[in-house]
Every structure is written in C-alpha cells, then in structure tokens.
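Since the structure comes first, as structure tokens, the remarks are kept for the end.
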There are 2 protein chains.
Amino acid sequence: MQLEKVTKEARRVYDDACGTAHGLELIGERWALLVLRELMLGPRRFSQLRADLPGISANVLTQRLNELEERGLVRRTRLPPPASVQVYEATEWGLEAEPIVQTLGRWAARSPRHDPTLPISGVSILLSMRTMIDAERARDMDAHLNFRFGDDLYTGHLHGGAIAISRGEHPAPDLIIAGEPQAWAGVLYGKAPLDLIQWSGDKDLLDRVIDLYHLPEKAPLPSH
Amino acid sequence: MQLEKVTKEARRVYDDACGTAHGLELIGERWALLVLRELMLGPRRFSQLRADLPGISANVLTQRLNELEERGLVRRTRLPPPASVQVYEATEWGLEAEPIVQTLGRWAARSPRHDPTLPISGVSILLSMRTMIDAERARDMDAHLNFRFGDDLYTGHLHGGAIAISRGEHPAPDLIIAGEPQAWAGVLYGKAPLDLIQWSGDKDLLDRVIDLYHLPEKAPLPSH
DNA sequence: CCGTATCCAATAAGATACTG
DNA sequence: CAGTATCTTATTGGATACGG
C-alpha cells in the first residue's frame, strides 16, 4: 500500500528541475489554467465558473479547485454580508500567473486553426483586451468604458496605451457596452456589425476602440 | 466509427474562443511543451529527446511529435550529409512559443514545492539562464562562454544585460564550463561548490556569472 | 540504433444522477 | 446552489516486440 501510493504520486511528476516542468505540475492539468483565468478579475462562485467554462463537469471543477487551493493558487472565501456566499478567489501568486495566460493566448492567436467565433466568457474577452491592444494607436486615448455581461459589471480605463480592467462600474463612463461576450468578441476581432451588441455613449470612441484590436497573421500549416 | 471519431475529437476541445484555451489545445497535452522546449536551441534526435525527458515513454514521445508536427509546430528534417540522420526541429511558429516556456518557468520558480536539485537537461538550464539573468548586474558585462554537456556544445554571449545562447562553440571563449547540466544548475542556483563542474578560463568571470542568478522569493503555502 | 506498433494496468476525464 | 457518487470512456505510461 505504501508502495502503491509512492508509485501513484511519482507517475504524474516530471522529475525535472526546470521551472517550466514544475509549472506544468502546478497548472498543467486539463482546465486548470482556464479556471485560474476566470478568477483573474476577481472572485467567482462555483456555478459561475461552471457556466463560464462550457464543457467542464462538476466533478472535474471540484477537483481542479481543490488542487489549486492545495497548491496555494486559489483560496476559498466568503463574500462579506449581506451576500455571505462562498466564492473562489485567486491568491496573489495565482494572480501572478496572468502573464502565462496572456503569453499563451497571444501565441495561439496565430494558429491557423483558431476559431474566434466560439463562445467566450466575459473575463476572457476583457483579459484579451488587455493583451491584444494596439499600444501605438491607443497611446493618446483616454476614456472610461463600462461593460455589462449578464449580471457581471466591469469597467476599463483606456489610458497611456493600455487598458486597465476591473470589476464594477465607472459612475460617468464615456461608453457603455452590453450584451453577450461572444458578440462583443465578434465586433472587436471579427469587425462584425455593431447591432450584435447594445451600446450607448460616444460612437466615435466605440469605432476607435474597435480599431485598436486585430488578430495577428496566421502561422503556416504544415505543407505535406 | 464515424460517430466515435467525432465524439473522441470533440471531447478534447474546449469550445472556447479564448486564445488561451486554443493554446492549451495545441500544446496543453502532457509533455508537449517540454518536447517543444527541448527544440528551442536547435534540432534534436528522437533518442536525445528521450534522454532529455526522463520518464517519457517512446510511444508517448512519438505521439506528441506527430501531433506537434501536424499542428505546424515541429518539422521532421534530415541533417545535411555526412550526418544525414533524421531530426525534429521547431518551426518558426514553434520557436515563438519560447515566451510561454519562459513565463511559465519564471512563475513556477516561486513555488514552495519547486525542487531545483532534480535532473535537468542542457537546453533547460541554458534557457533558464536566458530567463533568469539579473539584467541590472549583467548590464556592463561582456563575455563569451562555452558550455559542453555530454556531446552537446553551446555558446553564450553575455552582452548588454542579456545572454544570447546558441548551438556550437566560440573559438576564443573567456570561460568554458563542462559537466552535467544538473551540476551546473546546482552551482548556478544552489551556489554549490565549483568542483561539481569542470571549468577553465576566467575564475573571476565565473564568480560574477554565478552571481547573476538567484531564485525568487517563495510564494506562501496555503495556511489551512 | 531509430523509431513504431501493440498490449496491459493505472489514472484522469466526462456524463449523469443524486444529496444536504 | 454546491458539490458527491458512480459509471463509462480516454489517455497515459510501462513493457515488449517488431521493422528499417
């Protein structure tokens, strides 16, 4: 029995001092990085995570959350009253994994097989707005944008060539965008018609925001 | 059979427009990123990959290489005569995945569970030298370092706060380092005694190179 | 030596139903 | 809503054997 346990644990370990290998032991399991991604803009409940990750099953989500918690990347907390519900929240170190999410996402956007029309979560599309912004064109812009995806409110401050995203809403935004995250992705990256989303505010700003985002050139497929 | 195939392929897809999710579909399988890592400094043979990735079995390596090839990240080529052996080589897009390897590695180095004394491949330790260098201290250094790990020769040019690594050897290096990659890692990150490795050349330079590398502060373990 | 193919046992993932 | 329990399928790893 002792032996079995050793074998079981040893099997899934890479036995490699390289940080990359250890990183894969921490967040390399299926779904793990996507769960962490959903926590990057603040705490989420179990059922929200389930809804944001189409296809994950409850038992796998439970397992991933337990593993991430045990490893120090996620914490279980209770929201302050009157909500008082249990939520999952990334620890400081967990939040530091955001560059991994970004780097991987930016790299994969070059994939010839990438399909940007699939469903996407609100957190994902907002994180991608942080990553994929055209800093050159955004340099002289300064504006406040509010987003509403279902019941989730986010606000972005476009400033100095970057966009800072956080939970909540700005009291006097220049632009409000609402609708399905998937539709906003279609407008932003697919240059789909604006009537896929609801918006109000500065139309010219909206056009210029959309112009800040474009997908990179595709990498070639193998020739054979 | 048709149905089975569809089900099988569909099951492993995240159905998520987020680039990160697609990235995981490309290089998220077990071992995939480590195989790609080993190709970051030039082509490798099947048996070299097997030796560099302790614990991977031949059939899994075959499968990962085939998948990476099919996805356009790895190419099978033949070395020019007289060698004429088949090797695996990262495509240009595959090489662009290096920031993923680096970001993941740097992040995971903060793990309280990271064990830097495990075995490590030559490519890994050299890539980590690129990632983990203290740019501040290295800013005014300029030197050529040769490395020999078994039969593999690499050279590094320390210059402008960074170190450029490539295959081969510099004809007149300031320092030559040879031995097991694991031993060099122990000297570099664990500040282990120098007699673990073989070296010749500028002893003062060697000391200063070692001083360019240190592991980051550990993240806290969960308190429970 | 360089892989590939096949078989087997152990896990991990997925689907579904169910409980506090 | 927040997970467990259970069952089925897929993937992994290890061993071994086989062809170039």
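All heavy atoms count here, side chains included; hydrogens, waters and symmetry mates do not. By convention in this document, chain letters (A, B, ...) are assigned in the order of the sequence lines, proteins followed by strands, and residues within each chain are numbered from 1. Since the model is a prediction, treat every value here as computed from it, not as a measurement.
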request  = Please report the shortest heavy-atom distance between A:Gly122 and A:Pro181, naming the atom on each side.
outcome  = N-CG, 3.6 Å
message = On the nucleotide D:dG13, are OP1 or OP2 found under 4.0 Å from the side-chain N or O atoms that B:Trp31 carries?
response = yes
key: Proximity to the side chain of B:Glu29 - top-ranked nucleotide from D:dG3, C:dT4, D:dT12   = D:dT12
message = Please determine whether a side-chain nitrogen of the Lys or Arg among B:Glu69 and B:Arg76 lies less than 4.0 Å from a carboxylate oxygen of the Asp or Glu.
response = yes
message = Using a heavy-atom cut-off of 4.0 Å across all strands, would you classify B:Arg50 as base, sugar-phosphate, or nothing?
response = nothing
ask   = Centroid-to-centroid, A:Trp184 to A:Phe149, below 6.0 Å?
value = no
request  = Could you tell me whether A:Arg110 and B:Glu96 have a side-chain N and a carboxylate O separated by less than 4.0 Å?
outcome  = yes
key: For atom CG of B:Asn66 and atom C1' of D:dT11, their distance in whole Å   = 16 Å
Under 4.0 angstrom between B:Thr62 side-chain N/O and C:dT4 OP1 or OP2 = yes
request  = Show your working on side-chain hydrogen bond (donor to acceptor under 3.5 Å, both in side chains) between B:His22 and A:Ser111 and close with a plain yes or no.
outcome  = CA-CA 8 Å; B:His22 185 58; A:Ser111 170; 2.7 Å; yes
ask   = Roughly how many Å is it from CG in A:Leu61 to P in C:dA13, rounded to a whole number?
value = 12 Å
inquiry  = So, OP1 or OP2 of C:dC2: does either fall under 4.0 Å of a side-chain N or O from B:Arg45?
reply    = yes
query = Taking the side chain of A:Phe46 as heavy atoms from C-beta outward, which of D:dG3, D:dT12, D:dG13 is closest to it?
reply = D:dG3
query = Rounding to a whole Å, what distance do you find between A:Leu49:CG and D:dA2:P?
reply = 10 Å
ask   = Would you say C:dA13 has OP1 or OP2 under 4.0 Å from some side-chain N or O of B:Tyr14?
value = no
query = With distance as the sole criterion, do the side chain of B:Asn59 and the base of D:dT16 form a donor-acceptor contact below 3.5 Å?
reply = no
ask   = Going by distance alone, is a donor N or O of one side chain under 3.5 Å from an acceptor N or O of the other, for B:Thr131 and B:Ser128?
value = no
task = Output the single nucleotide from D:dG3, D:dT12, C:dG14 whose closest atom is nearest the side chain of B:Val60.
result = D:dT12
ask   = Taking CZ from B:Arg78 and C1' from C:dG3, how many angstroms apart are they, rounded to a whole number?
value = 12 Å
Give each protein N/O atom lying under 3.5 Å from an N/O atom of nucleotides 17-20 of chain D, with the pair distance.
none

query = Tell me: CD of A:Gln63 to C1' of D:dT4, nearest whole Å?
reply = 12 Å
inquiry  = Just the rounded figure in Å: distance from P of C:dG14 to CD1 of A:Ile56.
reply    = 8 Å
request  = Rounded to the nearest angstrom, tell me the gap between atom CZ in B:Arg30 and atom C1' in C:dT11.
outcome  = 11 Å
message = Once you apply a heavy-atom cut-off of 4.0 Å, does A:Ser47 come out as touching a base, just sugar-phosphate, or nothing?
response = sugar-phosphate
Side-chain ion pair, A:Asp152 and A:Arg44, N-O less than 4.0 Å = yes
task = Could you state the atom-to-atom distance from CD of B:Gln48 to P of C:dC1 in whole Å?
result = 13 Å
task = Could you verify whether a donor N or O on one side chain and an acceptor N or O on the other, from B:Tyr88 and B:Thr77, lie under 3.5 Å apart?
result = no
